[in-house]
Amino acid sequence: MRKLIMTAAFLTALAPFAAQAQDEKSFQHENQTYVYKTSEGREGATVITGRRVGGDRFRLVVEGEKVRGNVGGTPVAFRAPQGGAVSVLTAN
């Protein structure tokens, strides 16, 4: 579970840099490759959708300082990372 949340937090940290892009991007984290796209959601939220190559799909919605969504079918919610720190609100 912690690995899912840390990966989601890492993706969220990338959102400001990719918020304008519609092209698919990728990165590596803990020897895994992730492919994602960002788009603008309702009321200016940033939506991050993608998948781990050979694995789970994810969808995260970043609204201000809050992030919510699903990673591999698991609901996640946490504060957006600032300076690399992640504060988990819920992880069921």
Side-chain angles (χ1 to χ4, degrees):
M1 179 58 65
R2 183 170 170 79
K3 185 174 180 177
L4 287 174
I5 293 169
M6 294 306 293
T7 300
F10 188 78
L11 281 164
T12 303
L14 295 175
F17 302 109
Q20 304 295 328
Q22 296 295 323
D23 296 337
E24 197 168 76
K25 303 220 183 275
S26 67
F27 70 94
Q28 287 198 335
H29 177 65
E30 295 185 3
N31 296 321
Q32 299 289 320
T33 300
Y34 295 84
V35 181
Y36 69 98
K37 287 185 180 185
T38 59
S39 60
E40 188 173 330
R42 288 188 225 149
E43 300 178 20
T46 300
V47 179
I48 306 168
T49 56
R51 62 184 168 79
R52 179 173 53 89
V53 174
D56 299 328
R57 295 189 172 278
F58 55 85
R59 183 177 187 274
L60 302 169
V61 179
V62 183
E63 295 177 288
E65 294 181 4
K66 294 185 179 181
V67 181
R68 62 181 166 74
N70 281 284
V71 178
T74 302
V76 296
F78 53 93
R79 288 190 183 93
Q82 295 181 3
V86 177
S87 177
V88 177
L89 299 176
T90 61
N92 297 332

Rounded to the nearest 0.5 angstrom, the NZ-NZ distance for K25 and K37 is 11.0 Å

Contact between N70 and L60 at the side-chain level, heavy atoms closer than 4.5 Å - yes or no? no

Find the distance between CZ (R51) and CG (D56) and round it off to the nearest 0.5 Å. 12.0 Å

Taken in chain and number order and not counting sequence neighbours, the residues that satisfy salt bridge (Lys or Arg N to Asp or Glu O under 4.0 Å) with E63 are R68

Nearest non-hydrogen partners of P75 and G73, listed with the distance: CD-O, 3.7 Å

Specify whether F27 and Y34 have parallel, tilted or perpendicular ring planes, treating 30° as the upper limit for parallel and 60° as the lower limit for perpendicular. parallel

Who are the side-chain contact (heavy atoms from CB on, under 4.5 Å) partners of R59, not counting sequence neighbours? V47, T49, V61

Identify the two heavy atoms, one from A80 and one from G64, that lie closest to each other, and give their separation to 0.1 Å. CB-O, 4.3 Å

Do you know the tightest heavy-atom contact between S26 and T33? CB-CG2, 4.5 Å

Nearest heavy-atom pair of I48 and Y36: which atoms, and what distance? CG2-CD1, 4.0 Å

